[in-house]
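One-based numbering, in listed order, for ligands and for the atoms of each. Throughout, residue positions are numbered sequentially from 1 according to the sequence presented. Quantities reported herein were computed from a predicted structural model and do not represent experimental measurements.
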Amino acid sequence: MPVCATLCPKISAARGTRPALNILPKFQLEPGGLSDHCYLGLMSVRVPSMSVLPPVRRDRIIAQLPQFYSKKAAVHTKDEFNSKVKTACQEQRTGTVGRFKIAKVIVVGDLAVGKTCLINRFCKDAFDKNYKATIGVDFEMERFEVLGVPFSLQLWDTAGQERFKCIASTYYRGAQTIVIVFDVNDVASLGHARQWLEDALKENDPTNVQLFLVGTKKDLSSPAQYSQIEQDAIELAEEIKAEYWALSSLTGENVREFFFRIASLAFEANVLAELEKSGSRHIGDVIKINSNSNNVYATSKKKQSNCCQ
Ligand SMILES: Nc1nc2c(ncn2[C@@H]2O[C@H](COP(=O)(O)OP(=O)(O)OP(=O)(O)O)[C@@H](O)[C@H]2O)c(=O)[nH]1
Ligand SMILES: [Mg+2]
């Protein structure tokens with residue numbers, strides 16, 4: 001059955017005092033989808049085979065690799081996208097990237113460090129000075145075009161409050177990017193970063209995730225105060241192999257650059273993984289038919305028994 005639509009539960013940012021749990025069907029129809037039919041339970045719905053989604057916003061187009069924040073703590077310090085990735089994009093050999101691929105990003109960290117404000121600044125260009133705790137989780141989809149290829153990030157905003165942590169942690173699984181947020185004016189929140197990472201890694205494969213350590217509320221700290229905490233943060237980032245960033249959701253400083261960097265590095269990793277997958281498939285590896293054998297069944301039986309030994 002062709003899959004051209006997925007149903008995703010959306011748990012709203014049950015913000016404020018009243019928790020709300022909304023399960024909304026959310027269609028994700030990719031441009032140039034495989035089929036013009038979507039099957040939703042017993043219902044077959046005809047949808048246009050071409051883009052139902054609007055084109056990617058002009059300010060979400062990435063043509064160059066965005067640079068790191070600090071050379072000492074960067075996932076990598078290259079100036080440009082990997083050359084294999086660039087060629088694959090030019091030749092439209094990016095496999096599932098650009099069609100179904102959505103990279104999951106989870107944003108974790110202590111309560112009130114500014115996770116929700118960070119996501120809202122980027123996705124909605126909004127800032128709320130009043131604190132409303134996130135209850136459970138919320139997510140936003142952000143669509144980009146990287147090197148001419150569509151690519152989406154699913155940004156999961158999780159609750160920092162202890163009492164909601166167990167709900168939030170059930171959404172950690174399957175992350176490609178883990179963003180650990182702390183407040184640059186609150187040393188304790190940096191101290192808790194390791195614990196947040198440990199919890200997030202319990203649900204994910206550490207070798208397959210990109211880590212970011214992000215200090216928020218830079219606008220509230222003096223240069224002297226900031227440089228002190230920055231040293232500790234960079235040290236920690238180096239230790240846990242995370243890329244370090246500092247920003248402000250109030251002023252917007254570095255917010256766009258940060259998300260562009262996440263999208264670009266996730267995209268690059270995904271295309272490289274696709275190339276590796278397609279490169280490891282050689283014609284001879286697929287099926288070997290033994291032309292000397294008249295009894296195919298006997299051959300396959302023998303193979304099976306070998307494999308179980
Ligand atoms: N000055 C300043 N205040 C900020 C910034 N980011 C967030 N805040 C404020 O910090 C408070 C907490 O922000 P949230 O984004 O709701 O915090 P959170 O990490 O999502 O908190 P939980 O949902 O409880 O985990 C709010 O009052 C925000 O207005 C920033 O960059 N600068
Ligand atoms: Mg929040």
Side-chain angles (χ1 to χ4, degrees), residues 10-22 69 104-142 153-172 175 177-200 203 211-230 233 242 244-262:
K10 167 143 176 149
I11 296 193
S12 81
R15 304 195 87 209
T17 48
R18 234 159 34 109
L21 192 78
N22 297 335
Y69 176 82
K104 179 174 177 177
V105 178
I106 56 168
V107 182
V108 298
D110 277 6
L111 72 142
V113 290
K115 300 178 295 295
T116 302
C117 285
L118 173 59
I119 293 174
N120 285 345
R121 167 58 78 199
F122 182 64
C123 299
K124 301 174 183 160
D125 199 18
F127 178 81
D128 186 353
K129 64 178 176 19
N130 302 310
Y131 171 52
K132 298 186 196 86
T134 302
I135 299 171
V137 289
D138 191 12
F139 76 79
E140 291 289 337
M141 285 285 287
E142 226 14 83
L153 292 185
Q154 194 178 45
L155 301 166
W156 287 81
D157 177 19
T158 69
Q161 282 197 27
E162 195 59 42
R163 61 195 165 134
F164 305 126
K165 233 173 128 176
C166 62
I167 311 172
S169 61
T170 58
Y171 290 86
Y172 289 174
T177 304
I178 299 172
V179 178
I180 308 153
V181 180
F182 72 98
D183 174 349
V184 295
N185 310 287
D186 175 7
V187 191
S189 68
L190 176 62
H192 299 149
R194 250 181 230 281
Q195 188 57 53
W196 284 106
L197 175 62
E198 202 177 293
D199 292 347
E203 305 293 334
L211 303 180
F212 289 83
L213 179 66
V214 180
T216 52
K217 308 192 191 180
K218 199 163 175 268
D219 59 283
L220 293 178
S221 98
S222 70
Q225 276 173 327
Y226 173 70
S227 70
Q228 193 141 21
I229 200 157
E230 188 187 63
Y244 173 68
W245 280 75
L247 43 80
S248 164
S249 304
L250 186 143
T251 64
E253 181 189 353
N254 288 334
V255 172
R256 185 173 179 272
E257 291 81 350
F258 169 64
F259 282 103
F260 270 41
R261 179 83 173 158
I262 291 189

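Residues Val105 and Val179 meet the side-chain proximity criterion, which asks for heavy atoms closer than 4.5 Å. For the pair Val137 and Ile167, the minimum side-chain heavy-atom distance is 4.5 Å or more.
Contacts with ligand 1 closer than 4.0 Å are made by backbone heavy atoms (N, CA, C, O) of Asn130 only, the side chain lying farther away. Within the 4.0 Å heavy-atom criterion, the part of Asp219 lying near ligand 1 is the side chain and not the backbone.
Ring orientation note: the planes of Phe258 and Phe212 are nearly perpendicular, at an angle over 60° on the 30°/60° scale. By the 30° and 60° cut-offs, the orientation of the rings of Phe122 relative to Phe260 is perpendicular.
For the pair Gly114 and ligand 1, the shortest N or O to N or O distance falls below 3.5 Å. Close N/O approach between Lys218 and ligand 1 is not found [any backbone or side-chain N/O within under 3.5 Å]. Close N/O approach between Gly160 and ligand 1 is found [any backbone or side-chain N/O within under 3.5 Å]. Inclusion of Leu220 in the set of residues having an N or O under 3.5 Å from an N or O of ligand 1 is not warranted. Of the N or O atoms in Thr216, none lie within a sub-3.5 Å distance of an N or O in ligand 1. Annotation: Gln161 places no N or O atom under 3.5 Å from an N or O atom of ligand 1; distance criterion only. For ligand 1, the polar-atom distance check finds no N/O of Leu118 at less than 3.5 Å from any of the ligand's N/O atoms. The shortest N or O to N or O distance between Asp157 and ligand 1 is not under 3.5 Å.
Within ligand 1, the atoms closer than 4.0 Å to a non-hydrogen atom of Lys129 are 26 (C), 27 (O), 29 (O), numbered from 1 in the order shown. Below 4.0 Å from some heavy atom of Ser248 lie the following atoms of ligand 1, by number and element: 31 (O). For ligand 1, the atoms lying closer than 4.0 Å to a non-hydrogen atom of Ala133 are 23 (O), 24 (O). Close contacts between ligand 1 and Thr134 involve ligand atoms 22 (P), 23 (O), 24 (O) [criterion: under 4.0 Å to a heavy atom]. Listed by atom number, the atoms of ligand 1 under 4.0 Å from Ala159 heavy atoms are 25 (O). For ligand 1, the atoms closer than 4.0 angstrom to any heavy atom of Asp128 are 28 (C), 29 (O).
Shown here are the side chain to side chain contact (heavy atoms under 4.5 Å, CB included) partners of Leu190, two or more places apart in sequence or in another chain: Phe182, Leu213, Ile229, Asp232, Ala233, Leu236.
Among pairs with a residue in residues 186-199, those fulfilling salt bridge (Lys or Arg N to Asp or Glu O under 4.0 Å) read Lys165-Asp199, Arg194-Glu239, Asp199-Lys202, at least two apart in sequence or across chains.
With values rounded to the nearest 0.5 angstrom, Asp110 atom CG is found 6.0 Å from Trp196 atom CH2. Separation of atoms OH (Tyr171) and NZ (Lys104) is listed at 9.0 Å; rounding is to 0.5 Å. For the atom pair CG (Asp128) and CG (Asn120), the distance works out to 8.0 Å, reported to the nearest 0.5 Å.
One of the N, O or S atoms belonging to Thr134 lies under 2.8 Å away from the Mg ion (ligand 2).
Side-chain N/O atoms of Thr116 and Asp157 include a donor and acceptor closer than 3.5 Å.
Judged by distance alone, with hydrogens and angles left aside, the side-chain atoms of Gln195 form no donor-acceptor pair with the main-chain N or O of His192 at under 3.5 Å.
Within the structure, ligand 1 has Phe127 among the residues with a heavy atom less than 4.0 angstrom away.
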